Amino acid sequence: MIDGTAGVSGRRDADEALLDNPQALAEADPGGMLRHTASAGAQVRESAALAAEANLAVLADDGRPRAVVIAGIGTAGRTGDVLATVAGPRCPVPIIGHRSAGVPGWVGAADVVIAVSASGRSPEALGAAEAAHRRGARLVAVGAPDSQLQSIAEQARAPFIPVPRRAPARASLWALTVPVLLAARSLGLVKVNEADLAETAARLDADADRCRSAAESFVNPAKSLALGLAGSIPIVWGSSPLATVAARRFGDTLSANARYPVVTGALGEAGRGRVGLLDGVFGGLAEGERDIFADPAEDDDGEGTRLRLVLLRDGGLNAEDDTDEPLAVEERRADAVQTLAERRGVRCDVVTAEGGSALERLASLIAVPDFASIYLALAHGLDPMAVPAITEMKELSNQ
């Protein structure tokens with residue numbers, strides 16, 4: 001165990017036995033990150049109800065916007081990625097994520113700005129909301145009730161969707177995403193309906209049950225994925241734009257919850273260069289020196305670090321017939337990368353999307369990895385809720 005002066009504590013080697021001890025898991029998770037993550041389905045339902053109470057219909061009064069800017073940082077910023085992929089390539093206007101203060105210089109009265117902040121006080125969201133109001137753009141705000149963000153929305157007479165903050169932002173993806181989707185629906189940009197939301201919530205509930213702490217590792221897909229990643233350098237690639245959003249989300253949670261370095265991205269981009277990682281010193285070169293009869297559990301020194309590939313495959317419908325990458329192309333590319341990994345001895349985990357709508361398929365690719373990142377943290381003796389480096393960085397930055 002390591003207990004550093006900066007509040008860093010944990011163990012370098014994963015304790016696999018801990019994952020099959022529900023009581024030990026509960027004690028290792030004092031902030032309740034497993035419980036918060038299991039609330040994803042409930043978040044969808046609650047946020048949909050709260051959005052229904054907001055006056056989103058006013059957004060349509062001025063017609064279709066020229067562009068939609070999603071302003072936020074971290075998990076709040078990811079909501080823009082979700083909106084763009086659910087809207088798909090036929091979306092009639094550009095959807096642009098903005099992760100810095102203010103708004104792009106071209107934003108004006110013809111545009112819509114959706115400012116998102118779980119706390120309601122992030123400088124990026126506040127700055128964007130203020131700038132949108134000054135420039136006469138239509139504004140929607142999503143965040144904690146009775147916050148600075150709500151005050152700005154009220155001054156601008158703009159719709160505000162209150163999202164009660166019951167968990168850290170990274171465990172509140174669905175609470176923040178659903179209002180963004182429903183605001184976009186009011187603008188005529190997405191076709192998400194109540195059935196899609198209900199099926200997505202049900203999918204998240206089912207995956208939460210499969211990944212519950214009482215389910216043993218051999219039947220719990222999240223624990224199995226966490227144990228496979230333990231001690232590795234994860235590479236997470238998505239086979240489609242939708243799967244790539246899930247891959248980048250997994251990178252976020254692996255970094256924040258489990259403190260693992262991770263490479264994420266689109267499989268198409270990887271094929272232009274990053275697939276070469278499979279040949280490198282942590283991939284094929286390392287695997288070529290491995291004793292095939294050795295016990296992997298004994299290979300725990302720093303030089304034994306290996307790549308572990310996680311492939312998120314859309315595996316379902318192309319939402320539109322004119323997508324840039326037809327399903328057949330995506331599937332062939334995914335098959336090729338799995339073959340490359342196998343030839344080089346790089347282990348590969350595959351998560352395949354399920355569900356009829358884009359939103360449900362996305363949920364099916366996010367749920368298990370979300371839990372896996374927490375189980376991996378707990379196996380290393382890390383508290384996934386408390387991240388000392390984040391707290392310390394905020395303190396140093398605000399001096």
Side-chain angles (χ1 to χ4, degrees), residues 37 40 43-44 47 68-91 94-99 114 116 142 169-181 184 189-192 196-197 200 203-204 207 225 234-257 262-270 274 310-320 323-325 327 330 333-334 349-373:
T37 302
Q43 290 178 31
V44 171
S47 289
V68 175
V69 175
I70 313 296
I73 197 75
T75 301
R78 284 280 170 239
T79 65
D81 300 337
V82 175
L83 173 57
T85 194
V86 171
R90 289 188 181 177
C91 183
I95 296 171
I96 300 165
H98 188 70
R99 291 177 166 84
I114 304 178
V116 187
V142 179
R170 62 183 180 278
S172 305
L173 174 68
W174 297 102
L176 298 173
T177 295
V178 170
V180 171
L181 292 172
L189 305 184
V190 292
K191 298 178 181 178
V192 174
D196 294 333
L197 292 172
T200 298
R203 172 74 58 182
L204 291 167
D207 283 336
L225 180 56
I235 296 180
V236 189
W237 286 328
S239 69
S240 69
L242 181 145
T244 299
V245 172
R248 291 186 171 129
R249 162 68 178 180
F250 195 18
D252 294 342
T253 57
L254 279 174
S255 297
N257 294 334
V262 57
V263 176
T264 66
L267 203 53
E269 294 173 350
R274 287 193 175 183
V310 180
L311 194 56
L312 304 184
R313 301 186 66 157
D314 201 338
L317 311 170
N318 273 121
E320 311 288 351
T323 50
D324 292 336
E325 297 284 354
L327 178 62
E330 293 172 357
R333 185 183 290 136
D349 297 285
V350 180
V351 181
T352 302
E354 299 178 356
S357 69
L359 190 62
E360 184 184 358
R361 294 206 314 280
L362 180 63
S364 73
L365 290 176
I366 287 177
V368 171
D370 269 6
F371 278 100
S373 71

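Counting begins at 1 with the first residue of the sequence. Small disclaimer: the values here were computed from a predicted structure and weren't measured.
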Who pairs with Ser240 by side chain to side chain donor-acceptor pair (under 3.5 Å), at least two apart in sequence or on another chain? Asp314

Here the pair of heavy atoms bringing Gly251 nearest to Thr264 is CA-CG2, 3.6 Å

Could you report the tightest heavy-atom contact between Asp196 and Ser357, atom names first, then the distance? OD1-CB, 3.5 Å

Smallest heavy-atom separation, Ser373 atom then Thr253 atom, equals OG-CB, 3.4 Å

With the side chain counted from C-beta on, respond yes when Leu189 and Leu83 share a heavy-atom pair under 4.5 Å apart, and no when they do not. no

Here the gap from Leu359 atom CG to Thr200 atom OG1, rounded to the nearest 0.5 Å, amounts to 3.5 Å

To the nearest 0.5 Å, what is the distance between CD1 on Ile114 and CG on Leu176? 12.5 Å

Return the set of residues passing salt bridge (Lys or Arg N to Asp or Glu O under 4.0 Å) with Asp252 (not counting sequence neighbours), or none when no residue passes. Arg78

List in chain and number order the residues that pass salt bridge (Lys or Arg N to Asp or Glu O under 4.0 Å) with Arg170, two or more places apart in sequence or in another chain; answer none if no residue qualifies. none

Given Val82 and Val180, is the side chain to side chain contact (heavy atoms under 4.5 Å, CB included) satisfied, shown in steps? CA-CA 9 Å; Val82 175; Val180 171; over 6 Å; no

Closer than 3.5 angstrom, by distance alone: can the side chain of Ser47 be matched with the main-chain N or O of Val44 as a donor-acceptor pair? no

Under 3.5 Å, is there a donor-acceptor pair between the side chain of Ser364 and the main chain of Arg361? yes

Can you tell me how far the CG atom of Asp370 sits from the CG atom of Leu173, to the nearest 0.5 Å? 7.0 Å

Heavy-atom closest contact (Ile95 atom, Ala87 atom, distance): CD1-CB, 3.8 Å

Sequence neighbours excluded, the answer for side-chain contact (heavy atoms from CB on, under 4.5 Å) partners of Ser172 is Gln43, Ala167, Ala175

Taking the side chain as every heavy atom from C-beta outward, state whether Val350 and Arg313 have any pair of such atoms under 4.5 Å apart. yes

Minimum heavy-atom separation for Gly356 and Glu360, please, with both atom names. N-OE1, 3.5 Å

Separation between CG of Leu181 and CH2 of Trp174, rounded to the nearest 0.5 Å: 8.0 Å

Dump the intermediate steps for side chain to side chain contact (heavy atoms under 4.5 Å, CB included) on Arg249 and Thr75, then the final yes or no. CA-CA 8 Å; Arg249 162 68 178 180; Thr75 301; 3.9 Å; yes

CG on Leu225 to CZ on Phe371, rounded to 0.5 Å: 13.0 Å

dist Thr37:OG1 -> Asn257:CG (nearest 0.5 Å) comes out at 7.0 Å

Among all residues two or more places apart in sequence or in another chain, which pass the side-chain contact (heavy atoms from CB on, under 4.5 Å) test with Thr244? Arg248, Ala266

Evaluate the criterion side chain to side chain contact (heavy atoms under 4.5 Å, CB included) for residue pair Val192 and Val178; output intermediate values, then yes/no. CA-CA 10 Å; Val192 174; Val178 170; over 6 Å; no

Least distance between heavy atoms, Leu365 atom then Ala246 atom: CB-CB, 3.6 Å

For Arg274, the salt bridge (Lys or Arg N to Asp or Glu O under 4.0 Å) test, sequence neighbours excluded, returns none

